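The structure under discussion appears below in the form of structure tokens.
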Amino acid sequence: MEKTNSYYILPNNFYPVKKLQNYIHMGVVRNYSKGQSVVLPGELIYKIVYVLSGRLSINFLNEDGRQKLMYYADPNTYADRLFPFDECYVHVIAEENSTICFFSKEELFEIFQQDKEVLSDFITNYSSKCGYFMRESKEMILYNPSVRVLRLLYELCLTQGKSVDDVYQIDIKLSQKAISEITGVHFVTISRIFGFLKKENILYKTTSKITVIDLERLKELVNEWMEF
DNA sequence: CCATTAATATATA
DNA sequence: TATATATTAATGG
């Protein structure tokens with residue numbers, strides 16, 4: 001039975017390569033504490049960084065000090081440092097206390113030969129990542145900042161919202177700062193948007209949950225705030 | 001730590 | 001030039 005390649009909205013929980021954890025004896029396992037660098041900017045390790053527990057962030061750095069969060073690697077996913085690009089500084093940071101397994105290209109390809117399912121899942125993971133970044137570039141080009149945030153909230157509600165007593169609940173731990181990093185919208189602007197949505201009784205957010213009171217109004221706002 | 005608000009600057013249609 | 005968004009700084013939960 002073929003699974004569909006899900007459409008990812010947030011840059012985490014990419015397609016898991018679960019069976020790779022059966023082969024960690026072939027790699028190198030290490031623990032990192034929260035905040036610790038796993039791969040330093042410019043460091044060449046030629047390995048994949050597979051997450052067993054915890055969470056990593058993968059950040060791209062520019063010469064002028066600016067940086068952009070690219071994605072989070074949650075358990076059973078990986079940060080790929082097999083094929084480093086020239087002039088591109090990547091910083092991999094442990095966002096939580098994390099246990100990581102490093103695999104070299106040789107080790108990984110040996111596993112692929114032994115277990116085609118791992119190879120299949122590995123490629124599917126790449127595909128889901130690729131889908132996310134294609135979506136992100138589309139959003140950046142087609143929509144202005146506020147509309148991007150509204151569209152993100154709307155799609156989160158459609159894909160993971162659970163209907164509870166006349167409202168939708170999205171069980172997700174997502175700070176305003178995280179939304180800011182994901183959408184490229186300034187955190188003060190994010191705060192203002194949430195303030196407005198709450199005032200208008202459209203939606204409100206707590207630490208672990210987003211509650212959508214008026215999904216229709218949210219959809220209308222997307223059009224109202226869009227420029228033609 | 002994370003979120004809010006105000007004042008001001010910059011960017012964009 | 002009007003509006004949207006970013007920046008900075010100050011403050012509160």
Side-chain angles (χ1 to χ4, degrees), chain A residues 9-13 31-38 40-41 51 53-75 89 91-100 132-157 160-161 167-228:
Chain A
I9 298 166
L10 296 174
N12 69 336
N13 284 313
N31 290 310
Y32 289 85
S33 47
K34 183 176 178 174
Q36 209 177 348
S37 289
V38 178
L40 290 167
V51 181
S53 72
R55 170 182 252 201
L56 306 179
S57 68
I58 290 80
N59 305 273
F60 277 21
L61 273 60
N62 274 4
E63 326 71 57
D64 62 5
R66 290 165 190 253
Q67 63 176 72
K68 166 83 171 86
L69 164 79
M70 301 311 287
Y71 62 96
Y72 296 104
D74 288 327
Y89 294 97
H91 193 190
V92 181
I93 304 164
E95 294 294 314
E96 306 294 340
N97 292 340
S98 305
T99 306
I100 309 300
Y132 170 80
F133 286 108
M134 287 193 279
R135 178 188 183 278
E136 188 180 46
S137 72
K138 176 200 71 178
E139 292 290 312
M140 294 297 287
I141 286 170
L142 294 180
Y143 302 100
N144 62 34
S146 297
V147 172
R148 290 203 298 275
V149 176
L150 292 186
R151 284 173 55 85
L152 175 74
L153 293 169
Y154 182 71
E155 291 196 43
L156 274 179
C157 189
Q160 348 188 348
V167 300
Y168 293 96
Q169 294 195 339
I170 309 164
D171 289 311
I172 196 168
K173 243 187 110 184
L174 196 62
S175 68
Q176 290 194 8
K177 187 166 155 284
I179 296 173
S180 167
E181 286 171 334
I182 289 164
T183 57
V185 181
H186 197 269
F187 66 92
V188 175
T189 305
I190 301 285
S191 176
R192 282 190 44 246
I193 291 171
F194 274 104
F196 175 83
L197 293 173
K198 190 176 177 181
K199 181 171 65 83
E200 297 285 318
N201 272 309
I202 295 169
L203 163 165
Y204 63 89
K205 191 183 90 63
T206 58
T207 311
S208 59
K209 190 158 70 179
I210 299 169
T211 305
V212 181
I213 301 165
D214 193 343
L215 185 62
E216 268 311 299
R217 186 81 189 97
L218 179 61
K219 190 179 183 179
E220 285 167 20
L221 264 194
V222 173
N223 293 314
E224 285 173 28
W225 289 7
M226 198 142 53
E227 37 216 326
F228 297 94

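Labels below follow one simple rule: chain letters A, B, ... track the order of the sequence lines, proteins then strands, and each chain is numbered from 1. All figures in this text were calculated on a predicted structure; none of them were measured in a lab.
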Report task. Check step by step if salt bridge (Lys or Arg N to Asp or Glu O under 4.0 Å) holds for A:Arg217 and A:Glu200. Result -> CA-CA 9 Å; A:Arg217 186 81 189 97; A:Glu200 297 285 318; 5.1 Å; no
From the candidates C:dT5, B:dT4, C:dT7, the one with an atom nearest any side-chain atom of A:Ser191 is B:dT4
Here the distance between atom P of C:dT3 and atom CD of A:Glu224, to the nearest Å, is 17 Å
Taking B:dA6, C:dA6, B:dA3 as options, the one with an atom nearest any side-chain atom of A:Val188 is B:dA6
Atom CD of A:Gln176 and atom P of C:dG13 are separated, to the nearest Å, by 16 Å
(Q) Is it true that A:Thr99 and A:Asn31 share a donor-acceptor pair across their side chains at a distance under 3.5 Å? (A) yes
Practice prompt. Just call it for A:Lys205: base, sugar-phosphate, or nothing, with non-hydrogen atoms closer than 4.0 Å on any strand.
Written response: sugar-phosphate
Rounded to whole Å, CZ of A:Arg192 lies from C1' of B:dT8 at a distance of 14 Å
When rounded to whole Å, the CG to P distance for the pair A:Leu197 and B:dA3 reads 15 Å
- Side-chain N or O of A:Asn144 less than 4.0 angstrom from OP1 or OP2 on C:dT5? yes
Hey, does A:Leu203 have a side-chain heavy atom less than 4.5 Å from the side chain of A:Ile210?
-> yes
_A:Glu136 with A:Lys68: basic N within carboxylate O range, under 4.0 Å_ = yes
Phosphate OP1/OP2 of C:dA6 contacted by A:Thr189 side-chain N/O (<4.0 Å): yes
Worksheet item: Given C:dT5, is OP1 or OP2 found less than 4.0 Å from the side-chain N or O atoms of A:Ser146?
Response: yes
A:Lys199 NZ to B:dA3 P, in whole Å, measures 20 Å
From CZ of A:Phe187 across to C1' of B:dC2 the rounded distance in Å is 10 Å
A:Lys177 atom NZ is separated from B:dA3 atom C1', nearest whole Å, by 12 Å
- prompt: Is the A:Phe133 ring parallel, tilted or perpendicular to the A:Tyr71 ring (thresholds 30°, 60°)?
  reply: perpendicular
A:Phe194 CZ to B:dC2 C1', in whole Å, measures 13 Å
